[in-house]
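In what follows, a structure is listed as structure tokens, so that the remarks can point back to it.
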Amino acid sequence: MRRSERHHALLDVLRANAERPVSVPRLAARFEVSTRTIERDVRALQEAGVPLYAVPGRTGGYAIRRDYSLPPLAFTPAETTAVAAGLSVMMGSPFAEHASRAMDKVLGSMPPERRQRSRALAARVAAMAPEGPTDQRIADVVRSVLDDPRVVVLEYARPETGERTRRAVEPLGLITVRGGWILVGWCRLRGGVRGFRTDRILEITSTQEVPPERDPDPLGEDLSRWDFRGVDR
């Protein structure tokens, strides 16, 4: 993450936690930088006029003045809560990092009472979401090829047998089924649509090949029509 992006993300975190200060070690862990870097970031934001202040003590840290806000989102309270609940489901997906940053922005736009209710609802929804994050290396490639379609070459493991296969796949989409995130695509090895659990992908590499148009399109734009039994176990 570039320094300017981290500054924006840091503000989002502080606004999403406006009721209490956030400690420097927690911020450092969140952005995977040193505590010294966080201190420098805070000073830079203060010099730019952002009303950040330090709260001393064992439970202290940095906080942002509660009346400091960005232009409000054009959501009703119920819509904002729904967005927060939906983002919570993405926390184990290949989009987890971006979903977490979006959650900070959504929560930061709410008044305190609504924020607490939305946090509680998001936690209840997240309890039903798939567990365990997707490996970051896998997540980066999956996000990339879903946004800009490219044929991928992946190595896939079947935990029941230990069998490993290597195949080229034309990505079609991402779904969650029975506690796992599944990359759906046209498998050239099997000659049909298959699903690959992201936690069973050992390696994945994006090629420069753009997937061909298939006639007829096996799924169109509606992944809900896919037969979930097609997960390549």
Side-chain angles (χ1 to χ4, degrees), residues 1-136 139 143 176 181:
M1 184 184 297
R2 294 193 299 269
R3 185 168 180 259
S4 59
E5 293 177 335
R6 191 173 64 248
H7 284 182
H8 286 294
L10 177 59
L11 287 178
D12 290 332
V13 170
L14 294 176
R15 292 175 65 240
N17 295 274
E19 294 80 16
R20 56 190 182 279
V22 184
S23 71
V24 172
R26 179 182 166 191
L27 291 171
R30 173 66 181 272
F31 297 108
E32 299 180 344
V33 297
S34 67
T35 56
R36 180 175 297 180
T37 296
I38 293 296
E39 295 283 6
R40 284 200 298 264
D41 288 344
V42 169
R43 284 197 298 272
L45 289 168
Q46 289 173 326
E47 290 170 0
V50 179
L52 300 180
Y53 61 94
V55 177
R58 184 174 58 84
T59 60
Y62 283 105
I64 191 167
R65 202 175 65 205
R66 294 191 180 189
D67 60 354
Y68 179 80
S69 63
L70 299 176
L73 296 174
F75 290 146
T76 66
E79 289 169 343
T80 306
T81 299
V83 170
L87 287 170
S88 70
V89 179
M90 301 297 292
M91 293 308 175
S93 79
F95 294 90
E97 177 185 354
H98 303 282
S100 179
R101 290 166 59 182
M103 177 75 86
D104 289 333
K105 292 180 180 180
V106 171
L107 293 176
S109 72
M110 299 178 180
E113 64 279 2
R114 171 62 62 177
R115 184 180 299 132
Q116 294 305 318
R117 292 173 59 185
S118 295
R119 283 187 193 279
L121 174 59
R124 289 193 292 270
V125 174
M128 298 181 288
E131 297 182 357
T134 300
D135 182 273
Q136 190 61 51
R143 285 199 313 270
T176 177
W181 285 98

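For this chain, numbers begin at 1 and follow the sequence in order.
Legend: residues meeting side-chain hydrogen bond (donor to acceptor under 3.5 Å, both in side chains) with Arg58, ordered by chain and number and at least two apart, are absent. For the side-chain hydrogen bond (donor to acceptor under 3.5 Å, both in side chains) test, residues two or more places apart in sequence or in another chain that qualify with Asp104 are Arg30. In this structure, the side-chain hydrogen bond (donor to acceptor under 3.5 Å, both in side chains) partners of Gln136, at least two apart in sequence or on a different chain, are Asp140.
With a 4.5 Å cut-off on side-chain heavy atoms, His7 and Val50 do not count as touching.
Here the OG1 atom belonging to Thr35 is positioned 9.5 Å from the CZ atom belonging to Arg40, to the nearest 0.5 angstrom. To the nearest 0.5 Å, the span separating CG on Leu10 from OG1 on Thr37 amounts to 11.5 Å. Here the CG atom belonging to Leu14 is positioned 10.0 Å from the OH atom belonging to Tyr53, to the nearest 0.5 angstrom.
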- Task: Run the numbers on Tyr62 and Arg26 for side chain to side chain contact (heavy atoms under 4.5 Å, CB included), then give the verdict.
- Result: CA-CA 11 Å; Tyr62 283 105; Arg26 179 182 166 191; over 6 Å; no

- Task: Before giving the answer on side chain to side chain contact (heavy atoms under 4.5 Å, CB included), spell out for Arg3 and Asp41 the whole-Å C-alpha distance, their side-chain angles and the decisive distance to 0.1 Å.
- Result: CA-CA 8 Å; Arg3 185 168 180 259; Asp41 288 344; 4.1 Å; yes

- Message: For Lys105 and Arg101: C-alpha separation, side-chain torsions, deciding distance, then whether side chain to side chain contact (heavy atoms under 4.5 Å, CB included) applies.
- Response: CA-CA 7 Å; Lys105 292 180 180 180; Arg101 290 166 59 182; 5.6 Å; no

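Considering Leu27, Val55, Ile38 in turn, Leu27 is the only one that fulfils the side chain to side chain contact (heavy atoms under 4.5 Å, CB included) rule with Val22.
Closest heavy-atom contact between Gln46 and Leu52: NE2-O, 3.0 Å. The two residues Ala63 and Pro21 make their nearest non-hydrogen contact at CB-CA, 4.1 Å.
Using a distance-only test at 3.5 Å, with no hydrogens or angles considered, a donor-acceptor pair links the side chain of Arg143 to the main chain of Pro94.
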